[in-house]
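Following: one structure in structure tokens, then a few remarks.
Just so you know, these numbers come straight off a predicted model, no measurement behind them. Side chains included, hydrogens not; waters and symmetry mates left out as well; all remaining heavy atoms used.
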Amino acid sequence: MEVETSESSPTFMRNFSGQGMEEIGVNLQDLFKNMPGMKNTRKRRVRVPEALQMLRAEEAQKLVDPDRVQREAVVRAESSGIVFIDEIDKIASREGGKGGGGPDVSREGVQRDILPIVEGSSVNTKYGQVKTDHMLFIAAGAFHVSKPSDLIPELQGRFPIRVELEALSGEDLVRILREPKNSLLRQYTALLATEGVRLSFTDDAVSELARIAQQANDRTQNIGARRLHTVLERLLDDVSFTASELGPRDFQVDGAYVRERLSAIVQDEDLSRYIL
């Protein structure tokens, strides 16, 4: 059975008002794709069940009103949207740096640019005007060098509730390694599986990885769960580089292997500062 499929976009040209030139360029491409004679189609032979699935998807797409979906999305964003601002400590003026020039002036300028959005204003997006009056803004930062009081007073007033988070414990790091669907252990297992290496981790290996990551955080800079990336990379670098030469085989990582590969590095503070 032959089915004709279209590679053109179903969207039409939208209103250009309040948009940048890059958005106009995107909309012009959509416009030209939908003009008569500009439709790019191709034929391919598929089985009847697959053809029915394709036709059902095309018919379902025709029932969707993009403009209505867009309006509903804007309403939901305005009424129950949540905006998370990460690393806000990077734009805080350093202690004792107020009244000077250079980077602190630039940081204060960024804060004043953010302030109207947090206070409530209309922001131009490719979907039109979006009001931020009823959005929830959450900001987070490490504040190792600076502190929240280094932000301009107007911006501080817009974040009245402050919460200090505790450092990740060993149990937290174990959960991070095991529970997420795309955890680092699953990523490395899938990566090495492409080379025929069936990687597995014992329970004591996971506990030892979490312990070493926590110990490295305590002795050097505390970078939280990011430490697991560096610890696992150092642990499996030999296996990763020689996986193609190992051939199809099972490779189990246990607690003894983790201690053999990482304990000496963690105990040497100067070495762990640069490696972990």
Side-chain angles (χ1 to χ4, degrees), residues 82-92 94 103 107 110 138-148 163-276:
I82 300 176
V83 178
F84 184 82
I85 305 175
D86 196 12
E87 297 187 350
I88 198 171
D89 58 300
K90 300 296 190 298
I91 62 172
R94 299 296 185 262
R107 295 187 185 101
V110 176
I138 302 174
F143 291 103
H144 290 308
V145 179
S146 59
K147 53 185 183 294
V163 178
E164 184 175 350
L165 302 180
E166 297 179 354
L168 293 173
S169 64
E171 292 77 10
D172 296 328
L173 295 174
V174 169
R175 293 185 59 190
I176 292 173
L177 285 172
R178 285 178 172 170
E179 296 183 9
K181 293 182 179 179
N182 59 341
S183 67
L184 289 175
L185 299 185
R186 292 188 174 95
Q187 290 182 33
Y188 272 99
T189 301
L191 178 63
L192 293 178
T194 61
E195 301 289 348
V197 178
R198 293 176 290 275
L199 182 66
S200 61
F201 295 86
T202 62
D203 291 339
D204 63 328
V206 177
S207 300
E208 192 66 19
L209 281 169
R211 184 191 67 81
I212 291 176
Q214 183 184 18
Q215 184 178 351
N217 278 339
D218 293 339
R219 289 189 174 183
T220 59
Q221 184 178 5
N222 190 343
I223 59 175
R226 292 185 180 92
R227 184 71 64 183
L228 295 173
H229 285 270
T230 57
V231 168
L232 271 169
E233 183 179 0
R234 180 62 182 174
L235 175 69
L236 300 173
D237 56 356
D238 287 346
V239 181
S240 299
F241 284 110
T242 60
S244 59
E245 303 173 0
L246 295 176
R249 57 167 292 185
D250 295 327
F251 189 89
Q252 186 180 66
V253 178
D254 57 13
Y257 181 81
V258 175
R259 287 188 291 272
E260 177 187 352
R261 293 281 301 169
L262 299 178
S263 291
I265 299 175
V266 174
Q267 291 173 4
D268 189 336
E269 292 191 22
D270 293 332
L271 192 61
S272 62
R273 182 179 294 109
Y274 296 102
I275 295 180
L276 295 178

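At a threshold of 4.5 Å between non-hydrogen side-chain atoms, the residues Leu199 and Leu236 count as touching. The shortest distance between side-chain heavy atoms of Val258 and Asp204 does not fall below 4.5 Å. Residues Leu232 and Leu185 have side chains in contact (heavy-atom distance under 4.5 Å, counting atoms from C-beta outward).
Considering Arg211, Arg234, Gln215 in turn, Arg234 is the only one that fulfils the side chain to side chain contact (heavy atoms under 4.5 Å, CB included) rule with Leu262.
Evaluation of the salt bridge (charged side-chain N to carboxylate O under 4.0 Å, His left out) test over residues 180-199, restricted to residues two or more places apart or in two chains, returns Arg198-Asp250. Evaluation of the salt bridge (charged side-chain N to carboxylate O under 4.0 Å, His left out) test over residues 252-265, restricted to residues two or more places apart or in two chains, returns Glu208-Arg259, Asp237-Arg261, Asp238-Arg261.
A donor-acceptor pair under 3.5 Å is formed between the side chain of Thr220 and the backbone N or O of Ala216. Side-chain N or O atoms of Asn217 include one that pairs as donor or acceptor with a backbone N or O of Ile223 at under 3.5 Å.
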Walk me through it: do Phe251 and Val239 pass the test side-chain contact (heavy atoms from CB on, under 4.5 Å)? CA-CA 9 Å; Phe251 189 89; Val239 181; 3.5 Å; yes
Could you go through the side-chain contact (heavy atoms from CB on, under 4.5 Å) check for Asp218 and Gln214 one step at a time? CA-CA 6 Å; Asp218 293 339; Gln214 183 184 18; 3.9 Å; yes
Residues Ile176, Leu168; criterion side-chain contact (heavy atoms from CB on, under 4.5 Å); working and verdict: CA-CA 10 Å; Ile176 292 173; Leu168 293 173; 4.0 Å; yes
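Distance check, rounded to the nearest 0.5 Å: OG1 of Thr194 to CG of Leu191 gives 5.0 Å. The CD1 atom of Ile265 lies 9.5 Å from the CG atom of Leu235; values are rounded to the nearest 0.5 Å. With rounding to the nearest 0.5 Å, the separation of OG1 in Thr202 from OH in Tyr257 is 12.5 Å. Atom CG of Leu177 sits about 12.0 Å away from atom CZ of Arg175, to the nearest 0.5 Å.
Of all non-hydrogen atoms in Gly141 and Asp89, the two that sit nearest each other are CA-OD1, 3.2 Å. What you find for Ala210 and Leu173 is that their closest heavy atoms are O-CD1, 3.5 Å.
With salt bridges taken as basic N to acidic carboxylate O contacts below 4.0 Å, one links Asp203 and Arg178.
Surrounding CD of Glu233 are at most 12 heavy atoms belonging to other residues, nucleotides or ligands under 6.0 Å away. Heavy-atom contacts from other residues, nucleotides or ligands closer than 6.0 Å to CZ of Phe84 number more than 12.
With sequence neighbours left out, Phe143 forms a ring-ring contact (aromatic ring centres under 6.0 Å, His included) with no residue at all.
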